[in-house]
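Quick caveat: nothing in here was measured; it's all calculated off a predicted structure. Sequence lines set the chain letters: A, B, ... in the order given, protein chains first and strands last, and positions in each chain run from 1.
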2 protein chains.
Amino acid sequence: MIRKSKQKEAIFKVLKGATSHPTAEWVYEQVRQEIPNISLGTVYRGLKLLKRNGEILELGFAGTQSRFDGKAENHYHFRCLKCNHIFDVEGPVDKKINERLAQKIGFTVFEHRLEFHGLCKDCQP
Amino acid sequence: MIRKSKQKEAIFKVLKGATSHPTAEWVYEQVRQEIPNISLGTVYRGLKLLKRNGEILELGFAGTQSRFDGKAENHYHFRCLKCNHIFDVEGPVDKKINERLAQKIGFTVFEHRLEFHGLCKDCQP
DNA sequence: TTAGGTGCAAAACCTTTGCCATCCC
DNA sequence: GGGATGGCAAAGGTTTTGCACCTAA
């Protein structure tokens, strides 16, 4: 069972109030202003709990290894959350959404990456 | 200028022939069968060169730090390749594509992540 | 000849974990 | 009391780098 603590609450508060997408290190620095002797390990543990609870998102898959793909053209992927295999998703890449976004926000958009998450055929529950 | 070498060729060949999406470690093991005394560092350097040359893709953003997001609901992101800032992309998340993919390949699809890459307003060339 | 590449090992970096004291329920 | 938590520091895993020696152009 997950128990409340001022550390976890502080971590959550910092994350909620952030407009950036902070790293664990940055969260640590912020929370330290309120709880000066909190440790980085606690921040990581707190973030993991909050993530598991569905209260925050973790972007990307840092901490896991990089995967490489011999195909250079953009294509989409499916990652099995159980066996961690990555499958290519067939089908056309929609290049128009880059342009659409560029027009909307005025940034230069080179590409996009789309990754599906779920359970592959061998890992069905 | 980039010079040819049997190491880089072997790395590229392994990656081209792989149906999986290998890790650097796996590539290393494979290439070692051909060049037994190749080092892991060389594999990393070779992969980086191939990536920079646009000949292969790197999946995910491992090696960089995790970023966290106080918003729990799925939404899309834009990552500036120069300043490395991450921006939220407004607009609806298309949940139907999960279903469509699930029907097509018979996997269970929980979610998808979409990330745009480019240059933000402050980093325009 | 010489800038780029390689092997090796050490360093760097991010994240997780073990241990023990502490705090709630 | 006893399981959950936290601080600290050490360990772990992946990736990068320094250095001296090669090698392709």
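Counting heavy atoms from C-beta outward, B:Arg113 and B:Asn74 have side chains that approach closer than 4.5 Å.
Distances were taken from every side-chain heavy atom of B:Tyr44 (C-beta onward) to each of C:dG5, D:dG7, D:dT14; the shortest belongs to D:dT14.
Near-neighbour residues of DNA chain D inside residues 33-41 of chain A, defined by a heavy atom below 4.0 Å, number-ordered: A:Asn37, A:Ile38, A:Ser39. Of the residues in residues 6-16 of chain A, not one comes within less than 4.0 Å of DNA chain C through any heavy atom.
Across the helix from C:dT1-D:dA25 to C:dC25-D:dG1, the helix axis at one end is tilted relative to the axis at the other end by 30° (nearest 10 degrees, each axis from five pairs).
B:Lys104 meets the salt bridge (charged side-chain N to carboxylate O under 4.0 Å, His left out) test with no other residue; sequence neighbours excluded. Shown here are the salt bridge (charged side-chain N to carboxylate O under 4.0 Å, His left out) partners of A:Glu25, two or more places apart in sequence or in another chain: there are none. Scored by the side-chain hydrogen bond (donor to acceptor under 3.5 Å, both in side chains) test, A:Lys6 finds no partners at all (sequence neighbours excluded). Listed by chain and number, the residues in a side-chain contact (heavy atoms from CB on, under 4.5 Å) with A:Leu49 are A:Ile2, A:Lys8, A:Arg52 (sequence neighbours excluded). Looking at residues two or more places apart in sequence or on another chain, you find no ring-ring contact (aromatic ring centres under 6.0 Å, His included) involving B:His85. Under the rule for a ring-ring contact (aromatic ring centres under 6.0 Å, His included), the partners of B:His112 that lie at least two apart in sequence or sit in another chain are A:Phe116, B:Tyr76. Every side-chain contact (heavy atoms from CB on, under 4.5 Å) that B:Phe107 has, sequence neighbours left out, goes to A:Phe78, A:Phe87, A:Cys120, A:Lys121, B:Ile105.
Screening residues 36-51 of chain A for side chain to side chain donor-acceptor pair (under 3.5 Å), with sequence neighbours left out, gives A:Ser39-A:Thr42, A:Lys51-A:Glu58.
At a cut-off of 3.5 Å, with distance as the only test, no side-chain donor of A:Glu115 or A:His77 sits close to an acceptor on the other residue.
In terms of polar N and O atoms assigned as donor or acceptor, the side chain of A:Arg45 comes within less than 3.5 Å of the base of D:dG7 in a complementary pairing.
The separation between B:Trp26 atom CH2 and D:dT15 atom P is 16 Å, rounded to whole Å. The OH atom of A:Tyr28 sits 16 Å away from the C1' atom of C:dT16 (whole-angstrom rounding). Here the C1' atom of nucleotide C:dG5 and the CG atom of B:Leu47 are 15 Å apart, to the nearest Å. Protein atom CZ of A:Arg52 is 12 Å distant from nucleotide atom P of D:dA4, rounded to whole Å.
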Restricting to nitrogen or oxygen on both sides, can you table the protein-nucleotides 22-25 of chain C pairs closer than 3.5 Å?
none

